[in-house]
Each structure stands twice: as structure tokens, then as C-alpha cells.
Number of protein chains: 2
Amino acid sequence: MSKSTIMVVEDDQDILGLLAYTIRGAGFDVVTAADGLEALVQARRRRPALLVLDLMLPGMDGLEVCRELKRGVETAAMPIIMLTARGEEIDRVVGLELGADDYVVKPFSPREILLRIRAILRRGAPSEKPAPIWEEEGFHVDLEAHRVLINGNPIELTATEFKLLAELIRNRGKVQTRDQFLDKVWGYQFEGYARTVDTHIRRLRQKLGPFADRVETVRGVGYRFRE
Amino acid sequence: MSKSTIMVVEDDQDILGLLAYTIRGAGFDVVTAADGLEALVQARRRRPALLVLDLMLPGMDGLEVCRELKRGVETAAMPIIMLTARGEEIDRVVGLELGADDYVVKPFSPREILLRIRAILRRGAPSEKPAPIWEEEGFHVDLEAHRVLINGNPIELTATEFKLLAELIRNRGKVQTRDQFLDKVWGYQFEGYARTVDTHIRRLRQKLGPFADRVETVRGVGYRFRE
DNA sequence: CTGATTGTTACAAAACGGTGACACACCCAT
DNA sequence: ATGGGTGTGTCACCGTTTTGTAACAATCAG
């Protein structure tokens, strides 16, 4: 399992340093930003697994950052922990309305932040959709159970193959490039050749047997799941 | 469809406010209570569609409230989501299983609570409540009685093993990651190695003897209880 | 036909999970 | 207090599976 990246946004250098040190010490990669605009740019580019976001920021404040991120498709699911000072109850609540996953009131202990980060990451991004399943005559995919049935018989997919299939089905009908697959299935920190995807596509097709043709090649572009 | 009423019982004002706001924001009516006795009175009078109940409460604690409600004919079917923090508390909820429909470990994210509320309300018929018991030829698990029988003979499980088995059975069919098990069985404050789960799975399998294969390994992901 | 793109195969390295051993903290009876 | 028994978390080791890559074959488009 590769390291998760946590992004910390805080204008107070002391607190920022403390947070970065603590979180890094717990084995995460840390990216920092000191104001809202930088936070937005970095968050979109680096795709951190989680954001620790101060409410009070120079320029664009935490709420706006939160709102902007929730608006973007790619960043909407990014969990956010808000840092608030006491007495900002209204602000805090509004922040949560905008999709923050949790909040911590200052002054906080580094340990507390870590616990929340871990708790949220463990659960993974709660999916808004109930148990996404692909179901057609003789071909059954259950993402929650992590199971694939073909003509009633379970077939064994490795973790990567399953993630790849899930990604294909989630975007059924749409072509995705190899790089997109690398990003979503392997993670954005993966440094390898794009042709790796080809190999896994092949293995997947092989195991899908009669349904191999659902995974279509779009020459010059990438792959697509046929609806 | 008229708004459902959700009742939130929690003595910490911050958390209560947060919950109330979040749930209200999702389009439910919210009633709150800060201690066990008030909770009982309000629950009987207002008949909420669902109860979010903290385990630790001043005076009468969450379990007692739960027990009382289950006793009353009018309130017995009321779904309850328990909030727990520490490992020992998880013990009590899982062990006694006094009719709570689900439980969430603190710290939780507002989004998570909402998902569970929706999930339970969607189930509608209380008959679809997850059965507290696993029963098959020669293999009998009674979560309430905290007892496991194999071919009629009781087998001795330690507290951790039982909680682990309970968690597996509660989510039978679904894969859960090691981290998720740590969260639900050990509690969020546990700071240890994820492979600890492996060891307990092994001990559990050992004791399950002929039914060891009910606990399936999903390589690269986690574990799953076979239906 | 030809260059580019994709499919196929083989293989070594890495990742993963099972297992036994062990240290430690408890608890309880001595 | 002492000592054995029990439950628990961690570690190191090992066989197996998985995975990324390279090299080669097949296919496609122009």
C-alpha cells in the first residue's frame, strides 16, 4: 500500500509546521499551502487523499475552497477536515453543509488530528450510490462483495483486475485512456509504463471468457466497456 | 413523501449541534435530547422514524434507553443507530445486540451518519433488519447470547475473536478491509499494525474448525464471510 | 506496404497472506 | 507476592500469487 498524501492548508506558519511534522511523522506524504488559492491549485493538481483546511485564510477562505472543490467532479469526493477557532459555530456549520467531512476545534492536539485523519481514510470515500452492481444475463458484478459471476460461477480476479473492471463499468460507454486508468486504478503516484494497462486488460479479458468482448479497444485512445 | 423525523440523543453539545444541523440539512425533521431519560420520554411521544443514540449518556445510558424502547410495543420497531467511541463500548453493543440496527464509531463524519440513516430508512420494513443470528447445518452463532455452537458443541471464542466474527457476519457477503475491521472491532484509537487482523482471523478459523472456510480471504483487499 | 498500435507470452521481482514463535500484560488462585 | 494460565499484538519467515516489464507477434490504418 502506497503512502497517502495529506494536504494541509493553514496560514499560521507555526501551526502549519506542527501539523506537517505530525502528519508526516505518521507516515503520510504531506503537501502544504498557506492560502486559499494555492490550496485550490495544489488540491486539483496533486489530488491528495484528504485535506486539512483552516477556516480562516487570507484571500479566499476555507469555505470558498471547500465550495470550489465540491463543485469539481474530480475533487468532490475529497474528504475535508475543517479547522475552526472556538465561537465560530455558524461558520463551522456552514462549512459542513458544504461537504466537509469533519471538523476540529482549535486548540487541538496533533494526536487528535491524526486520529480523525486515520478514521476518515479507513472508511474510504463513502460512496453516495448504493452497491454499484453490473447485472446482465450470465454476467454479474458485485462491487461491494468484490465478486464476479459468469453463468453462475464465480471467477477469480486479482485486486488490480477487479479495480480495472470496476473502473471500466463505472464509466461504461466512455473511452478512457491508459493514463486515466493508471491514475484511477494504480494511483497518481504510479511511475510506470502505460502499456502495463494493456497487460491487465488482456488478463481481464481472458478471465471474462465469453464476455471478453465487453472490454473494447479504441485504437489510438484507450479502452471502453460496452453497454 | 412527508419528512421523516430523526431523533438525536447526545450529551456533547458540539456533536449534538453538528448532527442536528447535518441531518436537518438533508431534509429530515430533527428532535434532540441530551440525556437518557429525556430521550425515552421524547421518543415515546414523538415517535421518530429513527434514533441516533450515543452510548455514553448522563444518568441512563444508551443501552438502557435501547432496552426500554425495545420493551415497549409501540417503540420496539424503532430503528436505532448507536454511537460509540472506545473499544469496550463496541464490546457491549456487539455482544448484547439489544436491537440496535447499526453502530458508528467516533469520530465519524456527518456524511457517514447520513448514509446510514438513509440506508436504514430505505430498508423500510423492519423485518429486513440484519439477523442477529447465523444459522446453518451444524454451525450456529447467536450474537445476543454471545455463543457459538459447532455440531451442537459450544466453542470458546475470546472477546476479540467474537467481535471479529460478529462484524464478519453482520456484513456477510461484503468484503471489508483490515482497516475497517480495526475501526469497528478495535476502535478508532487503536494504533497498531493492520496485520494484527490476520492473526485473529487465523485464530478464529482455527476454532471454527470445519467451518473455517466461511471466512474467506480476498487477496489484496480483505476478508469476507461466505453466505 | 509500412509504421504505429495493440495483443501475447514469458519471466523475475515484489507483494501478499499464512503460520509459528514470542513477549507482554492481565487475571486469578495459590 | 508469586506463578501459571490466558489473551493479545508483533515479528520474521516462507511459499504462493501477483504484477510490471521487455521482447516479440499480430493487427490496423493510411
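Keep in mind that the numbers below use all heavy atoms, side chains included, and drop hydrogens, waters and symmetry copies. Letters go in sequence order (proteins before strands), and every chain restarts at 1.
Distance Arg205(B) CZ to dG18(C) C1': 8 Å, rounded to the nearest Å. Note: CG (Asp198(B)) to P (dA15(C)) measures 17 Å, nearest angstrom. Distance Gln206(B) CD to dT19(C) P: 8 Å, rounded to the nearest Å. Protein atom CG of Leu204(A) is 17 Å distant from nucleotide atom P of dT6(C), rounded to whole Å. Leu164(A) has its CG atom 11 Å from the P atom of dT19(D), to the nearest Å. Look at CG on Asp179(A): it is 14 Å from P on dT5(C), rounded to the nearest Å. For Ile201(A) and dT18(D), the CD1 to P distance is 18 Å, given to the nearest whole Å. Between the CZ atom of Phe181(A) and the C1' atom of dT19(D) there is a distance of 18 Å, rounded to whole Å.
A heavy-atom distance below 4.5 Å is not found between the side chains of Lys184(B) and Arg170(B). Between Lys70(A) and Ile80(A) the shortest side-chain heavy-atom distance falls below 4.5 Å. Put simply, the side chain of Lys207(A) reaches to within 4.5 Å of the side chain of Thr158(A), judged on heavy atoms.
Glu216(B) pairs by the side chain to side chain donor-acceptor pair (under 3.5 Å) definition with Arg224(B), not counting sequence neighbours. Applying the side-chain contact (heavy atoms from CB on, under 4.5 Å) criterion to Tyr193(B), with sequence neighbours excluded, gives Arg195(B), Thr196(B).
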Query - Lys163(B) vs Glu167(B), salt bridge (Lys or Arg N to Asp or Glu O under 4.0 Å): CA-CA, chis, key distance, verdict - result: CA-CA 6 Å; Lys163(B) 276 188 280 182; Glu167(B) 196 51 37; over 6 Å; no
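Comparing the start and finish of the helix from dC1(C)-dG30(D) to dT30(C)-dA1(D), five pairs each, the helix axis swings through 30°, to the nearest 10 degrees.
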Just the atom pairs and distances: protein N or O near nucleotides 25-30 of chain D's N or O, under 3.5 Å.
unit_1	atom_1	unit_2	atom_2	d
dC28(D)	O2	Arg219(A)	NH2	3.3

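Put simply, the side chain of Arg172(B) gets close to the backbone of Ile169(B): a donor and an acceptor are under 3.5 Å apart.
Residues from residues 220-227 of chain A that place a heavy atom under 4.0 Å from any atom of DNA chain C, listed by number: Gly220(A), Val221(A), Tyr223(A).
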Query raised in the report: For every nucleotide of nucleotides 4-14 of chain D, 5' to 3': is a protein heavy atom under 4.0 Å from its base (B), only from its sugar-phosphate (S), or from neither (-)?
Result: ---SBBB----
